[in-house]
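One structure is given here, and the rest of the page talks about it.
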Protein chains: 2
Amino acid sequence: MDVVARGRGRPRKALVVPAAQVPRTGLHEQAAARLKDMIVRGVLPAGATLVETDLSVALGVSRTPLREALKLLAAEGLVDLHPNRSARVPDWTPEEILELFEALAGIERLTAELAAPRISEALMDALRGKQAQLDRMHRDQVLDAYFALNQEIHRTIVTAAHNRPLAEAHAPLQARAQWARLRALSSGSRWEESAREHRDLFEALAARNAAEAGAIAHRHVLRTGVVIAETLQARRTDPAGR
Amino acid sequence: MDVVARGRGRPRKALVVPAAQVPRTGLHEQAAARLKDMIVRGVLPAGATLVETDLSVALGVSRTPLREALKLLAAEGLVDLHPNRSARVPDWTPEEILELFEALAGIERLTAELAAPRISEALMDALRGKQAQLDRMHRDQVLDAYFALNQEIHRTIVTAAHNRPLAEAHAPLQARAQWARLRALSSGSRWEESAREHRDLFEALAARNAAEAGAIAHRHVLRTGVVIAETLQARRTDPAGR
DNA sequence: TTTGCGCAAATTGCATGCAACATGCAGAAA
DNA sequence: TTTCTGCATGTTGCATGCAATTTGCGCAAA
């Protein structure tokens, strides 16, 4: 295939380094990733109808990989796909968002429970660092950085749970949750509470207390979902209200 | 589009009944369903490489919908898909099966916890019927009917949890779990135990005891996974051993 | 014998063309 | 006016063709 040593036999004279796993992804995956990003960030607004031809020229690919990408996103629930109809960006109701966070809370409870006993020292250290940084973000009131780091911590815990199928089940929910979070960037009061929950969760993990960590994670995510759903509900009845 | 009255306006003289929602699914979905079935049932054995051209003639569709179907199955983890390589049916190790059931146990715990307080009377009745039938299957030692009904009960509980995202997260795991179950049709001793767990779970649900129902479901699925993984492990070290 | 190289066959990735289906509108019938 | 019908247009579903990539095999060199 190319000059780099590949495969399992020990490379005896590797003149070139194994060239750090460039993903080498196909067009349909790139298209899917870009679409996902556009939907989550709201570039493609809820309710938008996605015409294949238009989208394909917009993304610079032909319809075939685009259609494959749409199928992938449909599997994640990020687009609605009906036979012989244009794909649409779903517009989730606050009730659906609540359902979503209920499920997410349950799954993150599991990840926390699993992570508590089996998280590696290395990941625990990483988590410690992130937690400290999160506290700084909170103290300095840097909302969007806090937001991003928050997500990262949750992902780290999922990783630490060391259960691939669970992570795979988590990912699609997480994508939709981020959609909701981004358009309900939470209120200051909840921020305070959220920061404390994060500290508590970290403590529980550090103490390897599975039940406690799970319970905290569950409450944390569920509470987040309630606040977000309420925000969206309020904005729906009064669209002008920031 | 055709003779049946459709749409929202009251049909004043509907000469034909609305023709009970035939799914009208596309070729790629049919192909995906058939492939899924073939993989779960073992018609396509673990490790098999799936050549698009061959499969497409076998299923009687062209490569385009077949490729879309493969992408769908890949999203469910039922095939491995790498760029520029033929798709393969994964051959899950007993360790991976154990991970899978660990995740599944967690999710079914959630479904049981959610279902306990909110299951409708109608579904509860249906469950009662299925449970009674399950007991008969157990008494009469009809293994495969027991097996099928077992699956159905689990699905019913997922439905009763009334949380769409959670059900969507559950489905792909369930597909792989069935793959494992089908090739490790459990031992008689476990059967006894499993039947009792099912009765206990039903009781807990009937009593609307969320924590108890969740705990039972968790143990039940996890234990099933352990037995299945052990069976697969044993068969792997001694392939001849039934 | 073993290792490396290069070509040929097989296979996937993608683009494009055509048929089927849906939707909206104009015009006819009631 | 209101409702139904048929057509025109836009869009999706699928098949097929071609280029790019992988893979297996033969053959020569060490």
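Sequence lines set the chain letters: A, B, ... in the order given, protein chains first and strands last, and positions in each chain run from 1.
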On the nucleotide C/dG13, are OP1 or OP2 found under 4.0 Å from the side-chain N or O atoms that A/H28 carries?
no
Could you state the atom-to-atom distance from CG of B/N84 to P of D/dA19 in whole Å?
16 Å
Are B/E52 and B/L70 close enough that some pair of their side-chain heavy atoms sits under 4.5 Å apart?
yes
Atom CG of A/L66 and atom C1' of D/dT12 are separated, to the nearest Å, by 12 Å
Whole angstrom is fine here: how far is it from CD in B/E29 over to C1' in D/dT12?
14 Å
Between B/R118 and A/E99, is the closest basic N to carboxylate O distance under 4.0 Å?
no
In this structure, how many angstroms lie between the C1' atom of D/dG13 and the CG atom of A/L81, rounded?
12 Å
Between A/R176 and A/E96, is there a side-chain heavy-atom distance shorter than 4.5 Å?
no
Nearest whole Å is fine: how far is D/dA15 C1' from B/R67 CZ?
14 Å
Distance check: side-chain N/O of A/T64 vs OP1/OP2 of C/dC14, anything under 4.0 Å?
no
Correct closest heavy-atom pair for A/R183 and A/L232 would be O-CD2, 3.8 Å
Tell me: CG of B/L27 to C1' of C/dA20, nearest whole Å?
12 Å
So, is B/R85 near the phosphate of C/dT12, with a side-chain N or O under 4.0 Å from OP1 or OP2?
no
Distance in angstrom units between A/R88 CZ and C/dT23 P, rounded
11 Å
Within this structure, what is the CD-to-C1' distance between B/E52 and D/dG17, rounded to whole angstrom?
15 Å
For D/dT12, take OP1 and OP2 only and decide whether either is under 4.0 Å from a side-chain N or O of A/S86.
yes
Nearest-nucleotide check on DNA chain C, A/S62 vs B/L50; residue mapping nearer the 5' end is B/L50
